[in-house]
Amino acid sequence: MIVILPDSSSYDICGDRCTVGSILERFGINPLEVIVSVGGNVVPEEWVVGGSDTIRIIRIAHGG
Amino acid sequence: MATSDPGNDGRIRCALCNELSVIRLRDRNRQLCAEHFAADLSERVRETITSHAMIAPGDRIAVAFSGGKDSTALLLLLRDLVTASDDITLVAITVDEGIAGYRSDTIRSAESLAEELGIEQVIVSFSGLFGKDLDAILESQKERACSICGILRRKALLSAAQAAGATKIATGHNLDDEAQSVLMNALRGDLARLVRDSSSRSGDCFIPRIKPLKDISEKEIAVFLMARGRFPELPECPYTRYALRAEIRSRLSSLEYRHPGTMKRLVSGKERLTSVLDGIPLGGAINRCRECGEPCSGTVCQTCQLIASLL
Ligand SMILES: [Zn+2]
Ligand SMILES: [Zn+2]
């Protein structure tokens with residue numbers, strides 16, 4: 001699966017299926033500071049990903 | 001049967017229907033789909049508005065609308081909540097501070113959304129009101145950026161709201177913003193500001209301010225917009241990195257993650273303190289600014305002093 005971080009850098013991760021929450025933890029990201037989309041849909045942290053999924057992590061900017 | 005455990009496909013379903021979940025409500029441990037989450041959020045905003053009597057029949061509400069996420073959510077929610085009641089009108093006020101490489105995109109996005117929603121919009125600029133844009137004003141004092149910008153934005157918003165004949169000013173402050181302000185004022189030892197009720201009446205030209213999103217977290221606002229395809233992926237204001245708030249925001253957010261409910265407890269503690277200390281002056285005797293009539297400790301308020309220094 002491909003993980004795209006807020007700074008646009010991307011990582012190809014292989015391994016077992018895991019939750020979005022555990023991916024955030026692996027990158028040291030607080031789930032409250034980002035939203036995550038898988039295949040273009042926003043998903044909760046309990047969502048399980050793997051295989052050919054593309055996981056996009058979007059930082060929630062302050063203000064507005 | 002709705003479940004919060006992932007199915008064989010790893011997907012999680014809404015607790016109220018069979019659609020895919022977009023968020024887990026942490027305080028109720030409940031997964032909701034986009035539609036049920038939007039309904040839940042809208043209902044909570046309606047409760048906030050009702051329980052604080054924020055809006056009354058006949059109100060003309062000036063919505064502080066920057067085009068960023070909070071004000072976009074505010075405008076969408078208010079439009080849906082007030083269309084049902086006839087007598088209330090909305091006017092979106094967009095303040096162009098003049099921040100190179102940042103503001104023009106958000107202004108464009110604000111203009112197109114107001115037009116799409118059919119909401120009247122007024123755009124005012126710092127350069128038009130104060131003779132200089134924010135970049136020029138801040139040339140030698142970037143570390144004060146957010147406090148100077150905040151003071152001027154407040155003034156710009158108020159004069160635009162007055163010119164538009166508004167009876168209320170609605171801002172997109174969310175739960176995270178409110179909690180950050182409590183902690184910031186506490187850390188600065190600013191007791192007067194800590195317990196001040198930001199909607200309390202003051203000044204002759206006063207328009208009450210309301211914060212309909214004050215019980216909604218920043219994450220919820222972002223998910224609400226993302227699920228509707230309305231999340232404005234805009235850059236962060238280049239000046240925020242100079243602010244104490246940026247540091248507090250990140251620390252408070254970590255605390256909230258590890259100790260759910262921290263932000264709500266902080267804000268409700270502050271609200272209790274405000275009601276207990278109601279009417280007790282904490283910052284010495286209160287005078288009226290001789291320029292604008294707002295309460296202040298000296299003869300001219302902070303806003304009028306700042307504006308005079310720019311002219
Ligand atoms: Zn549902
Ligand atoms: Zn004044």
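Small disclaimer: the values here were computed from a predicted structure and weren't measured. Numbered from 1 within each chain, the chains take letters A, B, ... in sequence-line order.
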Task: Short side-chain to backbone donor-acceptor contact, B:Lys69 and A:Ile60, under 3.5 Å - done: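 No, because the side chain of B:Lys69 does not come within donor-acceptor range (under 3.5 Å) of the backbone of A:Ile60.
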Task: Among B:Arg245, B:Glu218, B:Glu220, B:His173, residue most engaged with chain A (heavy-atom pairs, under 4.5 Å) - done: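 Answer, by heavy-atom pair count under 4.5 Å with chain A: B:Glu218.
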- [ ] Determine the option with the most heavy-atom pairs under 4.5 angstrom with chain A, choosing from B:Met226, B:Glu256, B:Arg24, B:Arg249.
- [x]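 Sorted descending by pairs with chain A, the first entry is B:Arg249.
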Surrounding [atom1] of [X] (heavy atoms of other residues, nucleotides or ligands, distance under 6.0 Å), is the total greater than 12?
| X | atom1 | answer |
| --- | --- | --- |
| B:Glu111 | CD | yes |
| B:Lys155 | NZ | no |
| A:Arg26 | CZ | no |
| B:Arg30 | CZ | no |

TODO: Return the minimal non-hydrogen interatomic distance between A:Pro44 and B:Ser21, and the atom names on each side.
DONE: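 In terms of heavy atoms, the two residues are closest at CD-O, 3.3 Å.
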Task: Interface moiety of B:Asp176 toward chain A, non-hydrogen atoms closer than 4.5 Å - done: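 No part of it gets close to chain A.
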Open item on the list: Report which part of B:Ser250 has an atom under 4.5 Å of a heavy atom belonging to chain A: side chain, backbone, both, or neither.
Closed with: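 B:Ser250 touches chain A through backbone and side-chain heavy atoms alike.
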Open item on the list: Can you confirm whether B:Phe231 sits close enough to A:Ile58 that some side-chain heavy atom of one is under 4.5 Å from a side-chain heavy atom of the other?
Closed with: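 The answer is yes, as the side chains (C-beta and beyond) meet within the 4.5 Å cut-off.
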- [ ] Tell me the residues of residues 28-35 of chain A whose non-hydrogen atoms fall below 4.5 Å from those of chain B, in number order.
- [x]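 Residues A:Asn30, A:Pro31, A:Leu32, A:Glu33, A:Val34, A:Ile35 are the ones that qualify, each having a heavy atom under 4.5 Å from chain B.
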TODO: Kindly indicate, with the supporting measurements, whether the criterion side chain to side chain contact (heavy atoms under 4.5 Å, CB included) is fulfilled by B:Leu20 and A:Trp47.
DONE: CA-CA 10 Å; B:Leu20 298 176; A:Trp47 198 269; 3.9 Å; yes
Open item on the list: Using 0.5 Å steps for rounding, measure from the CD atom of A:Glu45 to the NZ atom of B:Lys219.
Closed with: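 Those atoms lie 4.0 Å apart.
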